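Below is one structure, written out as structure tokens; comments come after it.
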There are 2 protein chains.
Amino acid sequence: MSTPDGATIDPHDVLGYLLKHAAARFAAVADSALERHRIDSKELGVLRMLAGREGTSQLALADALGIDRTTMVAVLDGLERKGVVDRHPDPSDRRRNVAELTQQGQRTYEAAEADYLAAENAFLSALSSGDRAALRRGLRTLVVDPAGAAPAR
Amino acid sequence: MSTPDGATIDPHDVLGYLLKHAAARFAAVADSALERHRIDSKELGVLRMLAGREGTSQLALADALGIDRTTMVAVLDGLERKGVVDRHPDPSDRRRNVAELTQQGQRTYEAAEADYLAAENAFLSALSSGDRAALRRGLRTLVVDPAGAAPAR
DNA sequence: TATTGTTATACTCTATAACTATA
DNA sequence: TATAGTTATAGAGTATAACAATA
């Protein structure tokens with residue numbers, strides 16, 4: 001027997017394995033759906049933050065997306081090189097660099113977001129609509145209110 | 001307006017963000033629960049594969065856990081150093097190295113698995129039992145049968 | 001002094017390529 | 001020739017430390 005009560009645990013049915021592999025698989029699906037827009041999931045996350053906003057400092061972007069500000073520098077470098085994001089100092093606090101979508105960036109965001117949402121739907125298509133809702137609700141709770149959890153960063 | 005239909009998408013409510021952060025948060029919780037056994041989640045995965053089995057080749061272990069065989073070498077090196085795993089060549093095919101739990105490894109596995117399962121329960125405690133079941137069922141479906149998905153590796 | 005962006009550096013994780021031994 | 005394990009190496013991704021500009 002392998003556990004104290006004699007039960008054997010299926011290594012593919014533990015929460016950690018399921019979450020990790022579901023996340024990895026969806027990341028692959030999403031990145032492949034975004035390929036034709038020449039951006040990846042992380043870059044879409046930045047465009048999404050910028051869409052419908054006046055302009056956001058690099059630090060605010062980094063904090064909101066849960067990544068380091070030094071990482072954000074490289075992400076924005078890439079997006080600026082692609083012509084979808086524009087950076088300029090905040091006149092009211094010149095330490096801040098404000099990022100915003102260019103016109104092309106707005107178009108890229110809209111098209112990429114549509115493909116991303118389609119990829120979400122396709123990925124979830126094997127689930128009943130009830131399970132789909134419960135999955136999203138459950139994940140939202142786990143991420144927002146992680147019982148007994150240290151924050152992920 | 002930020003999307004074609006004018007809706008704004010909450011960056012914290014997209015599937016990719018939710019899956020990635022739920023996985024990261026649980027990994028932190030699980031690793032912290034396993035600390036006192038001096039193993040991490042990946043190592044527990046190996047012990048779990050070995051528990052209740054006759055002996056498993058390194059390649060079979062690697063394939064089953066979805067990691068590379070070169071990575072498995074290092075993982076088993078660590079587990080052997082800790083005295084929880086034993087390696088010896090398979091007499092019927094001396095290319096194969098068979099891994100199995102030591103007596104201490106069996107004890108470590110049982111204790112660590114109990115703490116891991118407790119961490120799972122604590123992590124999910126904010127969810128209703130219906131949502132908990134739906135979450136697990138949904139994840140299982142997504143990982144086993146990823147609609148329109150390229151395998152994660 | 002503290003904050004923001006930046007750069008250089010280091011670290012973790014994992015995969016690829018090449019080698020040895022066995023089949 | 002092909003397979004299993006090993007080693008050395010490289011790459012992606014990310015974080016830490018230090019610095020310049022600004023507050």
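Just so we're on the same page: letters track the sequence lines, and every chain starts at 1. If you're wondering where the values come from, they're calculated on a predicted model, not measured in any experiment.
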Atom of B/His12, atom of A/Ala64 and distance for their closest heavy-atom approach: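 For B/His12 versus A/Ala64, the nearest heavy atoms are NE2-O, 2.7 Å.
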To the nearest Å, how far apart are [X] [atom1] and [N] [atom2]?
X       : N      : atom1 : atom2 : result
A/His21 : C/dT14 : NE2   : C1'   : 13 Å
B/Asp90 : C/dA23 : CG    : C1'   : 12 Å
B/Met72 : D/dA4  : CE    : P     : 14 Å
A/Leu59 : D/dA15 : CG    : P     : 13 Å
A/His88 : D/dT22 : NE2   : P     : 16 Å
B/Glu80 : D/dG5  : CD    : P     : 13 Å
A/Asp68 : C/dT6  : CG    : P     : 13 Å
A/Leu65 : D/dG13 : CG    : P     : 16 Å

Quick one: on DNA chain D, does B/Asp93 or A/Arg95 contact a more 5' nucleotide (nearest heavy atom)?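 Mapping each residue to its closest nucleotide by heavy atoms, the 5'-most match is B/Asp93.
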On DNA chain D, check which nucleotide each of A/Lys42 and B/Val73 is closest to and give me the residue with the more 5' one.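 Of the two residues, B/Val73 wins.
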Indicate yes or no for a side-chain donor-acceptor contact from B/Thr141 to the backbone of A/Leu127 under 3.5 Å, with no hydrogens or angles considered.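 Checking the backbone N and O of A/Leu127 against the side chain of B/Thr141, no donor-acceptor pair under 3.5 Å is found.
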Base, sugar-phosphate alone, or nothing: which one does B/Arg96 contact when heavy atoms must sit under 4.0 Å apart?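 Sugar-phosphate contact only - B/Arg96 comes under 4.0 Å of backbone atoms but never of a base.
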Would you mind classifying the nucleic acid contact of A/Arg69 as base, sugar-phosphate or nothing, using non-hydrogen atoms under 4.0 angstrom?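 Base contact.
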Between B/Pro91 and B/Thr71, which residue's closest nucleotide on DNA chain C lies nearer the 5′ terminus?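 Final value for this comparison: B/Thr71.
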Would you verify whether the NZ or CZ of B/Arg48 falls within 45 degrees of the ring axis of A/Tyr17 while also being under 6.0 Å from that six-membered ring's centre?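 No, B/Arg48 and A/Tyr17 do not form such a contact.
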Given [options], the nucleotide with the shortest approach to the side chain of [X]:
X       : options              : value
A/Thr70 : C/dG5, C/dA23, C/dT7 : C/dT7
A/Gln58 : C/dG5, D/dT7, C/dA15 : C/dG5
B/Asn97 : D/dT22, D/dA4, D/dT6 : D/dT6

Hydrogens and angles aside, do B/Ser41 and B/Asp31 bring a side-chain donor and acceptor to less than 3.5 Å of each other?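 Yes, B/Asp31 and B/Ser41 have a side-chain donor paired with an acceptor closer than 3.5 Å.
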B/Arg87 atom CZ, neighbour heavy-atom count above 12 within 6.0 Å: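 Count over threshold, so yes.
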